[in-house]
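Remember, it's 1-based here, ligands and their atoms both numbered in the order they're listed. If you read the sequence from its start, that first residue is 1, and numbering goes on from there.
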Amino acid sequence: MAKPTHIAIIMDGNGRWAKARGLPRAAGHRAGVEALRETVRAAGDMRIPWLTVYAFSSENWTRPKAEVSDLMGLLKLFIRRDLAELHRNGVRVLVIGDRENLASDIKMLLDEAESLTKTNTNMNLVIAFNYGARDEIARAARKLAQAMAAGNLTAGEITPESFEAFLDTAAMPDPDLVIRTSGEQRLSNFLLWQAAYSELVFMPCYWPDFDRRKLAEAIEIYSSRDRRFGGVAAQDVAL
Ligand code: IPE
Ligand code: IPE
Ligand code: MG
């Protein structure tokens, strides 16, 4: 099967990676950023046009204050340190999730990353930050209700296609492949609408140990899958 157009990754296992080494969880998150860097480069080299990474979920606010603050700090560091290189490499950065309730310095950095890179065409890097699929779908429903109240849409015009236009991922292709590291086998509120027909690949390694080779391995597993989208496999049609 052709290689995936869109890979989405649930970067999980930073805490356990650190624990296994007797390090604080923050060290795991720092190592996780390195793995993210390498993965973005590798996906670019492999000519994967879309990469989405789950960086902070709408439920991650329930973690201890200090850890939340470490994660916010790392996002800022990542953008400050890597934005120039991403831009040089023609990467367009997009952000999904609820940006309204984020601290203003983070909001500004995310806006800056998007606006600086908006005309780049080599690759799309989508950062899911303060993202939760249920929250995204509820916000989409709210926008749709507003469009209806303004008389721009009738109830009869609501279809999967018209609804999708209100999601944060409007105009993005659905992920072909969703990878989750750390051995957990769940979506944890990630892209619930968009992953309806995605191939799921769960890998035992912790996120900081993910690299170019692991990405290639996940793509290899994806290639062996038979995607049917509710239909019948092409080779079986005449049988
Ligand atoms: C993923 O690693 C990073 C985020 C959720 C931000 P975790 O911090 O969830 O690590 P584990 O799952 O506790 O090992
Ligand atoms: C999912 O991981 C969120 C991110 C990777 C950002 P979690 O570690 O938050 O998910 P659960 O709690 O194990 O389901
Ligand atoms: Mg986790």
Which residue supplies the protein heavy atom nearest to [atom], what is that atom called, and how far is it?
atom: atom 3 (C) of ligand 1; answer: Asn14 ND2, 3.5 Å
atom: atom 2 (O) of ligand 2; answer: Arg180 NH2, 3.6 Å
atom: atom 13 (O) of ligand 2; answer: Arg186 NH2, 2.8 Å
atom: atom 11 (P) of ligand 2; answer: Ser188 OG, 3.6 Å
atom: atom 9 (O) of ligand 2; answer: Asn60 ND2, 2.9 Å

Practice problem: Give yes if a backbone or side-chain nitrogen or oxygen of Tyr54 is under 3.5 Å from a nitrogen or oxygen of ligand 2, and no if not. | Solution: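 No - when backbone and side-chain N and O of Tyr54 are compared with those of ligand 2, no distance drops under 3.5 Å.
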
Practice problem: Decide whether an N or O pair under 3.5 Å exists between Ser57 and ligand 2. | Solution: no

Quiz prompt | Heavy atom of Ser182, distance to ligand 1 below 4.0 Å | solution =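 Contact check Ser182 vs ligand 1: negative.
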
Less than 3.5 Å between some nitrogen or oxygen of [X] and one of ligand 1, yes or no?
X: Gly15; value: yes
X: Trp17; value: no
X: Arg25; value: yes

Practice problem: May I ask you to list the atoms of ligand 1 that are less than 4.0 angstrom from any heavy atom of Ala55? | Solution: 6 (C)

Quiz item: Which atoms of ligand 1 are found less than 4.0 Å from any heavy atom of His29?
Solution: 3 (C), 8 (O)

Practice problem: Determine whether the side chains of Asn60 and Ser57 contain a donor N or O and an acceptor N or O closer than 3.5 Å. | Solution: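 There is such a pair between these side chains.
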
Exercise. Heavy-atom distances under 4.0 Å are what count here, so tell me which part of Arg16 touches ligand 2: side chain, backbone, both or neither.
Key: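 Neither part.
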
Self-check item: For atom 7 (P) of ligand 1, the option (of Arg63, Met11, Glu67, Glu184) bearing the nearest heavy atom
Solution: Arg63

Quiz item: Counting backbone and side-chain atoms alike, does Asp12 have an N/O/S atom under 2.8 Å from the Mg ion (ligand 3)?
Solution: yes

